[in-house]
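Following: one structure in structure tokens, then a few remarks.
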Amino acid sequence: MIVVLTGGTGGAKFVDGLQQVVAPEELTLIVNTGDDLLWWGLYVSPDLDSITYVLAGLLSNERGWGVTGDTFFCLQSMERLRQPIWFQTGDRDLAVHLLRSKLLAEGKTLSEATAEITYRLGVKSRILPMSDSRLETRIGTPAGDLSFEEFFVQRQYQDPVQSVHFAGAVDAEPAPGVVNAIMSADAILLAPSNPITSIGPILAVPGIREALRDARAPIVAVSPIVGGAPVAGPAGVLMASQGLPVSIAGVAQAYRDFLDVLVVDVRDANAAEELRATGLNVHCTKTIMRTAEDKAELARTVVSFVAGESVAYAARDQS
Ligand code: GDP
């Protein structure tokens with residue numbers, strides 16, 4: 001079983017590649033829910049949705065979020081009704097938010113609701129929210145404390161970041177199956193998602209980071225930082241706000257207590273050499289995913305690399 005820790009857009013691209021080269025039953029996805037929000041009274045989980053849509057073959061590649069070919073009639077009607085529309089939800093997308101909200105209102109947990117939705121959409125991989133408890137990523141800015149979606153979507157990440165915290169983390173527990181998946185995995189991959197606000201919340205759930213430290217499988221992260229900057233989005237400002245360099249060294253530092261291998265882009269070959277001097281195993285390859293073939297190629301490289309590592313690990317465990 002390959003276990004992947006993942007967030008939204010960067011993660012969805014990587015998972016799209018993985019599904020082209022790994023049997024769906026062999027994939028378990030542990031997904032960030034720190035961005036979840038109540039929108040028009042509905043429970044929306046942007047990262048669970050992106051990963052679900054990509055595995056159901058429904059993700060819009062043009063937008064990187066939502067359902068391909070979706071319409072936005074409800075959004076237009078809500079605008080006429082003077083409701084906020086900065087967070088865009090398509091009509092087909094809305095059906096998932098409605099069903100999830102209904103299942104939660106009936107008393108189902110987020111994991112149970114996710115299992116039901118993914119089953120009905122024909123997803124054969126296992127998608128686990130990181131936690132059934134509410135853990136909310138909060139970004140401290142001069143304009144006040146913002147939810148991640150307010151910071152990212154509404155305000156287009158223009159506010160200087162003063163702090164990042166995960167409200168509810170102390171009381172959160174890993175969702176059923178999460179720790180077991182990590183402990184019994186053959187390989188654990190960290191998608192090139194935002195290390196602070198996509199992977200960070202997963203690691204903030206008490207018990208998950210500890211499980212990663214104890215896991216017997218090799219842990220391989222793909223860097224979202226290429227050539228000293230994120231490929232897209234606010235990962236750079238968020239890393240800097242946490243005192244991390246915006247570089248592959250910063251990504252390595254974010255995961256330093258459990259990471260075995262960092263996969264970085266060929267553009268970072270020099271920085272990779274420096275990082276290797278610290279004792280970390282660093283693997284250089286092409287990591288920019290523009291086409292379906294780019295995604296498959298990166299997934300193939302990571303999976304074959306991990307297969308080699310697993311053999312080395314098994315030998316080490318036996319000796
Ligand atoms: P966000 O930061 O909230 O937008 O969402 P995510 O955590 O899902 O993904 C964004 C991260 O994915 C960013 O830090 C990007 O640098 C990274 N990313 C996006 N596309 C690519 C790509 O093609 N290759 C690599 N290596 N990273 C990518």
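Quick caveat, the model's predicted, so the values are computed rather than measured. Numbering of ligands and ligand atoms starts at 1, following listing order.
- The contact set between ligand 1 and Gly7, taken as ligand atoms under 4.0 Å from a residue heavy atom, comprises 8 (O).
- In Ser198, the part holding a heavy atom less than 4.0 Å from any atom of ligand 1 is the side chain.
- Around atom 27 (N) of ligand 1, the closest heavy atom drawn from Thr285, Val231, Ile196 belongs to Val231.
- Using a non-hydrogen distance threshold of 4.0 Å, Phe148 registers as a contact of ligand 1.
- Between atom 13 (C) of ligand 1 and the options Pro230, Gly17, Ala232, the minimum heavy-atom separation is to Ala232.
- In this structure the side chain of Met130 never reaches within 4.5 angstrom of the side chain of Pro174, judged on heavy atoms.
- At a 3.5 angstrom cut-off on N or O pairs, Pro192 counts as close to ligand 1.
- Note: an N/O pair closer than 3.5 Å links Met289 and ligand 1 by distance alone.
- Residue contacts with ligand 1, taken as heavy atom pairs separated by less than 4.0 Å, do not involve Arg290 at all.
- Considering only heavy atoms from C-beta on, Gln19 comes within 4.5 Å of Asp16 through its side chain.
- Residue-to-ligand polar distances keep Val222 apart from ligand 1: every N/O pair is separated by 3.5 Å or more.
- Contact annotation for Ser223 and ligand 1: only backbone heavy atoms (N, CA, C, O) come within less than 4.0 Å of the ligand.
- In this structure, Asp257 pairs ionically with Arg209, as a charged nitrogen and a carboxylate oxygen lie closer than 4.0 Å.
- Distance from atom 4 (O) of ligand 1 to its nearest protein heavy atom, with residue and atom name: Phe152 CZ, 3.4 Å.
- Taking atom 24 (N) of ligand 1 as the reference point, the nearest protein heavy-atom neighbour is Thr287 O, 2.7 Å.
- Contact detail for Ala296 and Gln20: the closest heavy-atom pair is CB-OE1, 3.4 Å.
- On a distance-only criterion, Thr197 and ligand 1 share no N/O pair closer than 3.5 Å.
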Could you give me the CA-CA distance, side-chain angles and deciding distance for Arg63 and Asp70, then say whether salt bridge (Lys or Arg N to Asp or Glu O under 4.0 Å) is met? CA-CA 11 Å; Arg63 276 183 268 115; Asp70 213 346; 5.6 Å; no

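- You'll find the side chain of Tyr255 stays beyond 4.5 Å of the side chain of Leu212, heavy atoms only.
- Heavy atoms of Gly8 come nearer than 4.0 angstrom to ligand 1 in at least one pair.
- Taking every heavy atom of Gly11 and a limit of under 4.0 angstrom, the matching atoms of ligand 1 come to 8 (O).
- Under the 4.5 Å side-chain heavy-atom criterion for grouping Ile, Leu, Val, Met, Phe, Trp and Tyr, Val3 is connected to Phe258 within one hydrophobic cluster.
- With a heavy-atom cut-off of 4.0 Å, Ala235 touches ligand 1 through its side chain alone.
- For the residue pair Ser50 and Asp47, no side-chain donor N or O sits within less than 3.5 Å of a side-chain acceptor on the partner.
- Grouping the Ile, Leu, Val, Met, Phe, Trp and Tyr side chains by contacts below 4.5 angstrom, directly or via other members, places Ile199 with Val246.
- Counting heavy atoms from C-beta outward, Phe152 and Phe87 have side chains that stay 4.5 Å or more apart.
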Step by step, would you call Thr52 with Asp49 a side-chain hydrogen bond (donor to acceptor under 3.5 Å, both in side chains)? CA-CA 5 Å; Thr52 300; Asp49 290 339; 5.3 Å; no

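- In summary, the atoms of ligand 1 found under 4.0 Å from a heavy atom of Pro234, numbered by their order in the structure, are 2 (O).
- Considering backbone and side-chain atoms together, Gly10 places an N or O closer than 3.5 Å to an N or O of ligand 1.
- Checked by distance only, ligand 1 and Val226 stay at 3.5 Å or farther apart across all their nitrogen or oxygen atoms.
- Nearest non-hydrogen protein atom to atom 2 (O) of ligand 1 is Asn194 ND2, 3.1 Å.
- Of the protein's non-hydrogen atoms, Thr9 OG1, 3.7 Å is the one closest to atom 5 (O) of ligand 1.
- Scanning the protein heavy atoms around atom 20 (N) of ligand 1, the nearest turns out to be Lys13 NZ, 2.8 Å.
- With contacts defined as side-chain heavy-atom distances shorter than 4.5 Å, the pair Ile196/Leu244 qualifies.
- A 6.0 Å sphere centred on CD of Glu149 holds more than 12 heavy atoms belonging to other residues, nucleotides or ligands.
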